[in-house]
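Input: a single structure, listed below in structure tokens.
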Amino acid sequence: MRAANGSNPDAPLPCGPMSFDPLVILADRFSKAIAEAFPDAGNPDPMVSAGRNPKFGDFQCNAAMTLAKTLGQSPRDVAKAILAKVDVSDIAEPLTEASIAGPGFINVVLKPSSLGAMLGTLRSGDLGVEPVGKGKTVVVDLCGVNLAKEMHVGHLRSCIIGDSLARTLARVGYTVIRQNHVGDWGLPIAMVTAKLMDVAAAGRDIAHLTLDDLEKLYRGAKIEADADAKGLAAVKRFNLGPKASAELEEQVAGAEQSMAKAKRVLLDLQAHEPKAMSFWQRIVDVTMAACVKTCARLNVIVTTEHSAGESSYAEELAGLVADLEKRGVAEVSAGALVVRVEGIDEPCLVRKTDGAYLYATTDMAAIRRRVQKFGAERVIYCVDQRQALHFKQVFGSATRAGYATRAGAAGPSRLEHAGFGMVLGDDGRPFKTRSGDNVKLADLIDEAIERAERVVSEKSPELSPAERHTVAEAVGVAAIKYADLSSDRVKDYVFNFDRMLAFEGNTGPYLLYALVRVRKILAKAREAGIAGSGIVIAAPEEKTLALQLLRYPGVLASVTASLEPHRLCTYLYELCTSVSVFYDKCPVLSAPDAGTKASRVGLCELTERVLSDALTVLGIKLLDRM
RNA sequence: GUCCCGGUAGCUCAGUUGGAUAGAGCAGCCGCCUUCUAAGCGGCAGGUCGGGCGUUCGAAUCGCCCCCGGGACGCCA
């Protein structure tokens, strides 16, 4: 198990299945050493991490200080005792007292030969990615569009982050089911349907209906609904004299008529009355066609087969609520039906006083379907952080009701809200157009591509116009997506075209640039007939790059657990920086000797694979040239 | 009012399980293309980690109090 044979670089590493990851190997070695040196210390964390500073070595073990506290010994003595027991001679430079630094840090420097062997292991397999999701199903709730509304910045993050999470989970082996919880039911939709029926009745052609037309109808309906509500409020307050309110009353009367009609249409829809349904279906078709198109432009995998609208749960709600009532999970409170969950003060409303169901009711039905019908062990909601309390209530209620538990499962599935912050403008307020409207995603993408195209034309005039456009599409979208993915999900983030499309520094295009440069080297190597060989690490820039590559599986695992894609972004940026330095300092095709050439081509091949893999997981399209 | 989330360089952000001198990018200044794409690389400068107290060998990180900003709080979705 622990046989030291580091002298032979071609021999397989003397470790278990995770033998490519030095972090895992070292943690294991130190863990055993600590157990031998201090048998009574329990099984403490070996606290091995990558070195914070290259001058302190590649890895460090920080266990001595913590251990010293519990043992009442001096940290340096503890470190010495660990050193006496630890055996890393097969992969690292010999550890001596000089390896102990400061209060008791133990610094480890890997042997170049073992680094090469680890890279070989990484390369021969699936980049070291552990299929932790194999045989498991996860549902990812993303996108969340509404009928009769263009996609706007409010959908941007749900699509981009949700898509990346779905890709990450699929990458580690999960069976991923994407669900677009379309807002396609209820009074607002009935209002638009009623309006559309009016338009058609007035003889207007609706064969070429656009989403823009629908959105106008929606706005009109919303204004009337607001007028209706305001009118009622005004009447209730008694403080408007009949004379002063004459005009208002007229408006309100019109609004009341429309609302009455909308409510009739709602009943028709609920009864699946064919005429109302045909108009509703028209709205669905127009909206979803636009949604799917926009998602495709963003390289976000959402198609109509992922649609699971609120309407699809409508028939289940009465039964679900009856079940909750029958089993005493829900109780009547002030006329409404609520579910109370321990630890949450606010009860979860599942039925209004007037008998209608709510958002939470539909979400409970969705959880039941996703867990019990689809068999999800994890259900992930990529939805606005402001809905945190709502999901806390719904998760608690569904779990209490047993809907979150698969048949025969020991415990409930993991229900996770991967919430995200708002998209802000430069003024720190929600990102809007100058006129105060939501920014349409289609316009946002257009602008990013336009800006990218200007830069591509300037930097790469040798490309054909068609290719420039293809590159601009990939670069512009990469810029938007990386900007969104690269900061902590739960925080608000400031949207700024100039920054994300400056194409310098920490941006999506920088990552693509690194990939393109490596791919160019590989293309030229193929032309020259230079094949990649086993990797021999010699130059410091090669070593830095190698250490970064070895981190990849661990980073992927941490995103799988935390649902935080920005960790992968930070890693990718650091990796690309290492690639750039390597590119600068280590010529590949004009390396001094054939052996170095072949080794560096091998290193480029592995780098290309990791870069491509990681960018794909982020949902960024790959390029050969830019 | 109650609860949740934030506050790190001029700006935008990272910061792993509490670890060594708090890091990037942009903006500013100075260098590097006859050589695999300079959308790059190197250097300089820039900090009361919102404030205070505490926990300890060690705190941006944990605890308590306060300040500022945002959000959510039963009949919308």
Side-chain angles (χ1 to χ4, degrees), chain A residues 45 47-53 55-56 60 62 65-66 68-69 74-75 101-105 107 144 146 183 185-188 310 333-338 344-354 356 358-360 362-363 384-390 392-393 419 421-422 424 426 428-429 455-456 458-460 462 475 483 486-488 490-494 496 498-500 502-507 509-510 512-514 516-518 520-525 528 554-555 558 562 566-567 569-570 573-574 576-577 579-581 583-591 600 604 625-626:
Chain A
D45 191 327
M47 313 248 301
V48 176
S49 65
R52 302 287 195 276
N53 186 331
K55 82 177 176 192
F56 294 129
Q60 55 183 264
N62 300 340
M65 283 85 75
T66 338
K69 201 186 300 183
S74 112
F105 299 102
N107 294 325
N146 298 301
W185 209 237
L187 189 58
E310 292 170 346
S333 165
L337 192 69
V338 305
I344 306 173
D345 292 337
E346 299 84 351
C348 184
L349 251 75
V350 294
R351 192 182 62 206
K352 301 200 286 180
T353 307
D354 68 4
L358 299 107
Y359 188 39
T362 306
D363 270 326
D384 192 340
Q385 185 62 25
R386 284 178 297 192
Q387 297 190 34
L389 175 61
H390 164 73
K392 205 173 147 193
Q393 292 175 310
M422 284 186 295
L424 306 178
D426 279 322
R429 308 184 59 189
V455 178
V456 175
E458 183 197 322
K459 307 250 184 199
S460 307
E462 73 282 3
V475 166
S486 61
S487 67
D488 192 352
V490 302
K491 292 187 186 177
D492 295 345
Y493 91 99
V494 177
N496 183 312
D498 291 332
R499 194 164 49 241
M500 71 178 76
F503 297 168
E504 288 166 7
N506 194 357
T507 62
Y510 175 83
L512 283 176
Y513 188 64
V516 162
R517 296 212 289 183
V518 171
K520 185 61 172 289
I521 292 174
L522 291 174
K524 289 207 162 191
V555 172
S558 98
S562 66
H566 82 279
R567 296 184 188 217
C569 292
T570 302
Y573 178 66
E574 287 168 358
C576 287
T577 302
V579 171
S580 292
V581 176
Y583 187 94
D584 226 45
K585 298 282 158 49
C586 301
V588 177
L589 303 171
S590 56
R600 286 183 177 170
C604 284
R625 293 195 274 176
M626 65 185 276

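Numbered from 1 within each chain, the chains take letters A, B, ... in sequence-line order.
In this view, Tyr573(A) and Tyr510(A) satisfy the ring-ring contact (aromatic ring centres under 6.0 Å, His included) rule, not counting sequence neighbours. Not counting sequence neighbours, Asp488(A) has no partner by the side-chain hydrogen bond (donor to acceptor under 3.5 Å, both in side chains) test. Phe105(A) pairs by the side-chain contact (heavy atoms from CB on, under 4.5 Å) definition with Gln60(A), Asn62(A), Met65(A), Pro103(A), Asn107(A), not counting sequence neighbours. Applying the side-chain hydrogen bond (donor to acceptor under 3.5 Å, both in side chains) rule to Asp45(A) yields no partners; only residues at least two apart in sequence or on another chain are considered. Take Asp354(A) and apply the side-chain hydrogen bond (donor to acceptor under 3.5 Å, both in side chains) test, not counting sequence neighbours, and it matches no residue. Checked against ring-ring contact (aromatic ring centres under 6.0 Å, His included), Tyr359(A) has the following partners two or more places apart in sequence or in another chain: His390(A). Residues meeting the side-chain hydrogen bond (donor to acceptor under 3.5 Å, both in side chains) test with Arg567(A), sequence neighbours left out: Ser562(A), Glu564(A).
Both Asp584(A) and Ala336(A) lie near RNA chain B, and the one whose nearest nucleotide falls closer to the 5' end is Asp584(A). Remark on RNA chain B: of its neighbouring residues Val455(A) and Phe105(A), the 5'-side contact belongs to Phe105(A), judged by nearest-heavy-atom nucleotide.
Across all strands shown, G28(B) pairs with C44(B); the Watson-Crick or G-U wobble distances both stay below 3.5 Å. When both distances must be under 3.5 Å, the Watson-Crick or G-U wobble mate of A39(B) does not exist. The pairing partner recorded for C64(B) is G52(B), the criterion being a Watson-Crick or G-U wobble arrangement whose two distances lie under 3.5 angstrom.
The stacking criteria are not both satisfied for Tyr573(A) over the base of A24(B), which would need a centre-to-centre distance under 5.5 angstrom and an angle between ring planes under 30 degrees.
Relative to the side chain of Leu358(A), the nucleotides A77(B), U37(B), A27(B) differ in distance, and A77(B) lies closest. Minimum atom distance to the side chain of Lys585(A) is reached by C41(B), of the listed A14(B), C41(B), G70(B).
Atom pair His390(A):NE2 and C4(B):P shows a separation of 20 Å (rounding to whole Å applied). Rounded to a whole Å, the CG atom of Asp426(A) is 8 Å from the P atom of U12(B). Following rounding to the nearest Å, Asp384(A) (CG) and A72(B) (C1') show an atom-to-atom distance of 11 Å. Atom CD1 of Ile344(A) is separated from atom P of C4(B) by 13 Å (rounded to the nearest Å). To the nearest angstrom, P of U12(B) lies 21 Å from CZ of Phe503(A). Note: NZ (Lys520(A)) to P (C36(B)) measures 9 Å, nearest angstrom. The interatomic distance linking Asn62(A) (CG) with G19(B) (C1') rounds to 6 Å, in whole Å. Atom P of nucleotide U12(B) and atom CE of Met500(A) are separated by 14 Å, given to the nearest angstrom.
Comparing the P positions of G50(B) and A60(B) gives a spacing of 10 Å, expressed to the nearest Å. The same atom, P, is picked in G42(B) and in A27(B); the two are 16 Å apart, to the nearest Å. Rounded to a whole angstrom, the distance from the C1' atom of G54(B) to that of C11(B) is 34 Å. Look at the P atom in both C41(B) and C4(B): the space between them is 43 Å, to the nearest Å. Taking the C1' atoms as reference points, G25(B) lies 14 Å from G46(B), given to the whole Å. Distance check on atom C1': A22(B) versus C65(B) gives 26 Å, rounded to whole Å. Distance check on atom P: C13(B) versus U35(B) gives 39 Å, rounded to whole Å. The P atoms of G40(B) and A20(B) are separated by 29 Å, rounded to the nearest whole Å.
Nearest heavy atom pair, residue Val490(A) against residue Gly419(A), reads CG1-O, 3.8 Å.
Judged by atom type and distance alone, Asn107(A) reaches the base of A20(B) through a side-chain donor-acceptor pair under 3.5 Å.
One distance of note links CG of Asp345(A) with CD of Gln393(A); it measures 10.0 Å at 0.5 Å rounding.
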Could you run through nucleotides 5-11 of chain B and give me one letter per nucleotide, 5' to 3': B if any protein heavy atom sits under 4.0 Å from the base, S if only the sugar-phosphate is that close, - if neither?
-SS----
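Base orientation at C33(B) is syn, since its O4'-C1' glycosidic dihedral falls within 90° of 0.
Within the 4.0 Å cut-off from OP1 or OP2 of U37(B), not a single side-chain nitrogen or oxygen of Tyr510(A) is found.
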Write down the protein N/O and nucleotide N/O pairs, taken from nucleotides 58-60 of chain B, whose separation is under 3.5 Å; answer none if there are no such pairs.
unit_1	atom_1	unit_2	atom_2	d
G58(B)	O6	Lys69(A)	NZ	3.3

